[in-house]
Amino acid sequence: MSFSVANVRKDFPIFERTIRDGKRLVYLDSGATAQKPWAVINAESDFYSKHNAAVHRGAHQLAEEATDAYEGARAIVAEFIGANENEIIFTKNATESLNLVAYAMGNADKGNRFALNSDDSIVVTEMEHHANLIPWQQLAKRTGAALSWFKVTEGSRLDLSNINQVITSNTKVVAVTHQSNVLGTINPLEAIVARAHEVGAVVVLDACQSVPHMKVDVTELGVDFLAFSGHKAVGPTGVGVLWGKPELLDALPPFLTGGSMVSSVTMTDATWADVPQKFEAGVPNMAQAVGLGAALNYLSTIGMDAIREHEISLTEYALEKMLAIPGIRIIGPQNNVSRGATIAFTIEDIHPHDVGQFVDSQGVAVRTGHHCAWPLAKCMNVPATTRASFYLYNDEQDVDALVEAVVGAQKYFGRF
Amino acid sequence: MSFSVANVRKDFPIFERTIRDGKRLVYLDSGATAQKPWAVINAESDFYSKHNAAVHRGAHQLAEEATDAYEGARAIVAEFIGANENEIIFTKNATESLNLVAYAMGNADKGNRFALNSDDSIVVTEMEHHANLIPWQQLAKRTGAALSWFKVTEGSRLDLSNINQVITSNTKVVAVTHQSNVLGTINPLEAIVARAHEVGAVVVLDACQSVPHMKVDVTELGVDFLAFSGHKAVGPTGVGVLWGKPELLDALPPFLTGGSMVSSVTMTDATWADVPQKFEAGVPNMAQAVGLGAALNYLSTIGMDAIREHEISLTEYALEKMLAIPGIRIIGPQNNVSRGATIAFTIEDIHPHDVGQFVDSQGVAVRTGHHCAWPLAKCMNVPATTRASFYLYNDEQDVDALVEAVVGAQKYFGRF
Amino acid sequence: MQLDSLYQEVILDHYKHPQHKGLSPIFTAQVHHVNTSCGDEITLNLNIENNVITSLTWDGQGCSISQASVSMLSDLLIEKSLEEADVIAKSFSQLMASKGTSDGDPEILEDAVAFAGVSKFPGRVKCALLGWMAFKDAAIQSQGESK
Amino acid sequence: MQLDSLYQEVILDHYKHPQHKGLSPIFTAQVHHVNTSCGDEITLNLNIENNVITSLTWDGQGCSISQASVSMLSDLLIEKSLEEADVIAKSFSQLMASKGTSDGDPEILEDAVAFAGVSKFPGRVKCALLGWMAFKDAAIQSQGESK
Ligand SMILES: Cc1ncc(COP(=O)(O)O)c(C=O)c1O
Ligand SMILES: Cc1ncc(COP(=O)(O)O)c(C=O)c1O
């Protein structure tokens, strides 16, 4: 139930390099994108060098092999989140997955269960990443539907006290993040799912920050759609996933149109293939899907529960060490309850960009800014924060390096 | 001005393998997807193993390196097609590029130059790939605009005799392929561009089958938007390109929304970043863009004019050899004028699927079916065809292997 | 030659001399199926009386595998009860899913065991199943009618 | 330490003691610019009389680089003609684009040559340019007004 970080790091070639004149790389930006193990890099290379061909199309051996590899990856993804193969759609990233749902709903004709009009409402939260906010703003604008949202409490939790007023009988969609990419807060979903389903709304879960870090089972969660990105789960860039309940994917109109997603085509009209092909227009990101399969297999071998445990104990350690720095303010839960290994903070009035630059000079890679969650920054009343996010290849030494660098930044910018 | 195919093949690892019990791989399916040289495979691997980080976002060294690599790739693409960097948008494939334009036009508010209504018309052609047909069908349905098209002549050319009736003063968009992926026909664009611009319409060029095979210069062509896929240009899967004239990209509303494409965001509204960021929502397909840069550099080193010359002479040879097979019917121009190295055919009444299977057993990879151009198949009056498509790594020996295999199929299916 | 395991004599024979091709005007259900990846099409007329398949005719165009498969299907299923037909259809589906590991049950499938080789060619399994999918669909429609 | 080439004393000094911060009510143009990648904001009030910058005040929040840059900008440009300001702005832009290969012209840029080190940090060039972009914009607006 536990693993050696030192061994894990050996699987990731990037840790063989150094930063800023020979410093050890302390990579604390996995919330933006994760590093890649050889298993993933080699899976992509192998696909290109041995089996590359267009899937589903050719009558030749390479096409058969490519199709097997691609559909095999779909099966791996399905198993990883407790779903069936034909419920998995490959996209280019979670942003596309979420846009897919929003645009496809916008394509629904009157009478379709997803058709929205000015009587309807869409619910989001104040802690959404732009990717799970703006597509819904735009859908609201296109259809005339109202947009409402759950607020965030002082304790950095979703305020569900008014759940019955926010999710009403007019609500058609509730789009919510599983784990905030800024606060680290893991949201409780039972009440939201129960209320949404009570009023006949679907729940769209942004699982970008959860699927890579903990065991996620779509059946247990009870949500209707789920999106995540491969690149945050030690997978390749250029591949994301949308999962949906099969009857909903069936009812949902297509989004991108073109080759491979049709049943028949005339000059003026087209009918659609079955799910998942209906949602995968064009030659797919085959090598990237195969790489994602390798990534999830890699994570499974280490064990998602072990990864979650590791992150919990690392967060425990980090919170304690960081809260001891004078002048620090942690933006997010101060305790280690229902929270992931993402710690955003400000330090006195040193601008996050300057903090980030200083810690970078020490080999510590963090992210600074509003982290694509601008409304959240505004409601936490910070123009920007510095964010450290941990993953399976980080250890307490990395936390120590961060703390030392932050203290160094305080000294550096207080030097006159 | 010429190159050695034998040397080129050494750059492509897939040619080290064999097919169907030890047969030499004769890959004639580059029209579907091209094989990848080591330069491309290594560019992706290197990105992951040495520079991987989220672009445009981090304040750390890896993020700087990743941004340099990604934006460097944009510069390579721009130069390759004679454009400027900020006119290049990375997508996941050409299908997304074309959907982007169609959906973004659908997002245009009244008054925007791209807004369409029931007075307007969209023009396509009968030889479009589904990717440059169905998005326009759907846009027409959403906006009420009419869809009309150029027909294909008996000689497999666009029938432009009625150009002034097809492109009218109501026409807002003319979407046309540069080279048919079935017929091989290269379309003359001057008349279409001139007429479209005369009536104030934009020309959207599907350059999937041209950019990989010949020198394409957007300024010379005079079109307004151009789309192609990386994977058909010896680049990675999962990356495509949309180019557009800068003033048009400025005026075009965004398509996918989310992180990195905004200027400011509140809970209810958002404003957009400048082009190209406006059209690149979410963490991009960084490694794939970098791989595409390497692919185009590889092609440039060989020389696009040399590649085109090579393909012309190979087509000359192939047409002659194939036309000599009794019972063959070539679907596309029989001569070698304004045509690419794609040869679709039927052979007696042997079904293409059976032809494909037989030639595959001989190590020859071709594609069979309607090639995502169903209306074209109907208008050529063939349910399906067998298609051989050639690229820089093919030679006359490959043509001979194809011819021998086709003759073999005739024998095999005539064996009783 | 591996190809011969795909193109068995009996398959090519059915392809060249298709059985029950040509649509009968009498049917309890008519269905039209298309293999979207290659464009193969089939129309199938099914007639059921007292739970027995009294006529099964078809028309269509496609590759040798899809045409031979529907031809054999008609030979096999005519005069069978819907329950018997179901057993045969299931057995055929299993054979197609076997990836070359099964020889098929000649008691149930008779000549159609010749399709065992097709299961080794994933790209062709859909061809072999086209007619069977159409039949399944038609059987459901017929039963709906007769209720 | 490489970092010191970024954070020159004079830059940190301007950051801690910003010049001309606090908006004057008199202006011919007011602009608001945001660095979308980090959220830095600046409001800049520009007053032009007879083609001369008589007042340039600003307010905003951001990192040391963006704040120091606009502070130095105001020191540099006040009392300059629009033509002189344009020469200075161009020179600063060139320095920022130099990727560490230029030391900057002290005759034109005075203390602002301290930003030479910033050009080695591509992630920070935008910060240094924020105020200058705002100024450019304000100058165009002011000229529009006065025509
Ligand atoms: C002419 C043409 N247009 C569009 C496409 C679609 O490209 P992709 O599937 O890479 O999006 C293709 C290839 O499939 C093509 O040949
Ligand atoms: C919570 C959350 N949602 C959505 C996204 C968008 O993911 P991507 O940029 O890979 O599409 C991210 C990451 O950027 C995220 O952290």
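Keep in mind that this is a model prediction, so the values were computed, not measured. Chain naming here is simple, since letters A, B, ... match the order of the sequence lines and numbering starts at 1 in each. Because only heavy atoms are used, hydrogens play no part in the values below, and waters and symmetry mates are left out as well, while side chains stay in.
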Review point. Thinking salt bridges, do A:K92 and B:E96 make one under a 4.0 Å N-O criterion?
Key: yes
Check your understanding: So what's closer than 4.5 Å to chain A heavy atoms on B:E65: side chain, backbone, both or neither?
Key -> side chain
Check your understanding: Using non-hydrogen atoms only, which part of B:L98 is less than 4.5 Å away from chain A: side chain, backbone, both, or neither?
Key -> neither
Exercise for review: Taking the side chain as every heavy atom from C-beta outward, state whether B:L62 and A:D29 have any pair of such atoms under 4.5 Å apart.
Suggested key: no
Practice item. Would you check if there is a donor-acceptor pair between the side chains of A:Q137 and B:D269 at a distance under 3.5 Å? Key: no
Review point. Using a distance-only test with no angle check, is there a side-chain donor-acceptor pair under 3.5 angstrom linking A:D360 and B:Q61?
Key: no
Check your understanding: Between A:F255 and B:Y103, how do the two ring planes meet: parallel, tilted or perpendicular, split at 30° and 60°?
Key -> tilted
Exercise for review: Below 4.5 Å from any heavy atom of chain B, which atoms of A:R142 appear? Answer side chain, backbone, both or neither.
Suggested key: side chain
Practice item. Would you tell me whether A:T237 and B:Q288 have side-chain atoms, one donor and one acceptor, within less than 3.5 Å of each other? Key: yes
**Study point:** Toward chain B, the part of A:V262 with a non-hydrogen atom under 4.5 Å
**Key:** side chain
Check your understanding: chain B heavy atoms under 4.5 Å from A:L100: which part of the residue, side chain, backbone, both or neither?
Key -> neither
Exercise for review: Identify which part of A:L133 has an atom lying under 4.5 Å from any heavy atom of chain B, answering side chain, backbone, both or neither.
Suggested key: side chain
Revision key, fill the gap. From the list A:E44, A:H231, A:K36, side-chain hydrogen bond (donor to acceptor under 3.5 Å, both in side chains) with B:Y48 holds only for A:E44
Check your understanding: Can a salt bridge be assigned to the pair B:R20 and A:E64 using a cut-off of 4.0 Å between side-chain N and carboxylate O?
Key -> yes
Practice item. Sort A:L256 into side chain, backbone, both or neither according to what part of it lies under 4.5 angstrom from a heavy atom of chain B. Key: both
